[in-house]
Amino acid sequence: MQKIMNEKVESPKHALFEYCLRIGDTSLILGQRLSEWCGHAPVLEEDIAMSNIALDLIGQSRIILTYAGQVEGKGRSEDALAYFRDARQFRNLLMVEQPNGDFAMTITRQFLVSVFNFHLYTELSKSKDETIAAFAAKSLKEVAYHVRHSNDWMLRLGDGTAESHRRAQDAINDLWYFVDDMFQSDAVDEMLLKEGIAADLEKVRQQWELMVTGTITKATLKLPVANNLLRMGSRQGNHTEHLGYILAEMQSLPRSYPDAVW
Amino acid sequence: MVNNHQLKYSIAQIRTLLNNVLDPEVPALSIEDLGILRDVRETSDGVEVVITPTFTGCPAMKVIEEDITEVLQKAGINNFKILTVLAPAWTTDWMSVEGKRKLKEYGIAPPELSTEQHLMAMLSGKKESVGCPFCNSTNTRLTSPFGSTACKALHYCDNCHQPFEEFKCH
């Protein structure tokens, strides 16, 4: 796997802060995206399912962003980090900011990310950082439900009607551009891996590929052929154009009324 | 500062007081029955109440904290802190036998498998058949793995034709 040169990692503390943002921002943005389905899903059960999953993800991001603020030591709360940073400061995976599209697109994105989180958190539950380990062990149980939900739907869509099959295949093809971004490791990962804090993304990738390939094949779908158009850059805050729109909506209230409290 | 609580109540008595704090979403169960209440202990400046969230995004946690505060303050205990811990992660294995009985009586199927068994069943794609809380039949099916709250799934009983909720294994 190709390694990227990141801006210099100033200190282990800075690396840990960055690492927490990657996990927390990914959950936050995916949760925000999924919540767009609330009131719009094709059936009531799916409306409830997606709102539930969104709630889990936002709950997870709250824990890890709170911790990021503590690690940083500048007095920033979870809300300060979620609402008062701009797109370039966000570290979420490019995959999760992609638009919901149709139901197949939402489910495929959820499947690829849930399987990623499942294996990432399995590794992180062994982290030497106690907060990260506790967070990962806790979140893993919720993610197992997310995996089952999206896995079931991948099989139903792929092995369903000609139209559902086509839509699922289109979604896989479109989202595949953002797969490598999930597994890109840099100086932050390297530093924290040495300390037994971070997960080995190479290991996560092997597990991820095994499960994803299994389901895609079983769903009579095909893995896209390798191409050279893969997008990367979430580690440096180089996002696709979609993130700005999500933030504009998500952040408008606290930015308009910075003193507002719940 | 005078620690009023030390004059008034023992830790055991405070635990009994906290038995009145019910889950706002499942009011049949107390936070003790659910395993949310992890510890009540004396510290140098009062009492510390340790709780743990069921699901990370569960909105009931905030209400539970407010309810604990209310119960303690009503009893004249003001020197207390509520501490939320994540480890060890909450599991339905901690739900008391009494809690499971009350849950069923309330019309919600209690978690039957241990978390370990459940995770294995889920990942192997094995079909679940949860006992109906109304007629005890296992001739039931899962209609949605997600329900009205983060901790529940929806099922349908093909025997008594009742839809029912299940408290998910976690």
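Atoms considered below: every heavy atom in the structure, side chains included; atoms not considered: hydrogens, waters and symmetry mates. Naming: A, B, ... by sequence-line order, numbering from 1 per chain.
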Verify whether the ring centers belonging to Phe164(B) and Tyr156(B) lie closer than 6.0 Å.
no
Taking every heavy-atom pair that is under 4.5 Å apart, which of Leu154(B), Thr52(B), Thr54(B) has the most such pairs with chain A?
Thr54(B)
Taking Pro88(B)'s backbone N and O only, do any of them form a donor-acceptor pair with Lys138(A)'s side chain (distance below 3.5 Å, no angle check)?
no
Identify which part of Thr84(B) has an atom lying under 4.5 Å from any heavy atom of chain A, answering side chain, backbone, both or neither.
neither
Using a 4.5 angstrom heavy-atom cutoff, name the option from Ile58(A), Ile48(A), Val43(A) with the most pairs to chain B.
Ile48(A)
Taking the six-membered ring of Phe103(A), is the NZ or CZ of Arg167(A) close enough (under 6.0 Å from the centre) and on axis enough (within 45°)?
no
Most contact-rich option vs chain A, by heavy-atom pairs under 4.5 angstrom, among Pro59(B), Cys58(B), Pro53(B), is Pro53(B)
Please check if atom CZ in Arg156(A) has more than 12 non-hydrogen atoms from other residues, nucleotides or ligands closer than 6.0 Å.
no
Taking every non-hydrogen atom, the tightest pair across Asp56(A) and Thr56(B):
O-OG1, 3.2 Å
Could you have a look at Gly31(A), Ala134(A), Ala49(A) and say which one has the most heavy-atom pairs with chain B under 4.5 angstrom?
Ala49(A)
Heavy-atom pairs under 4.5 Å with chain B, option from Glu45(A), Glu142(A), Gln60(A) with the top count
Glu142(A)
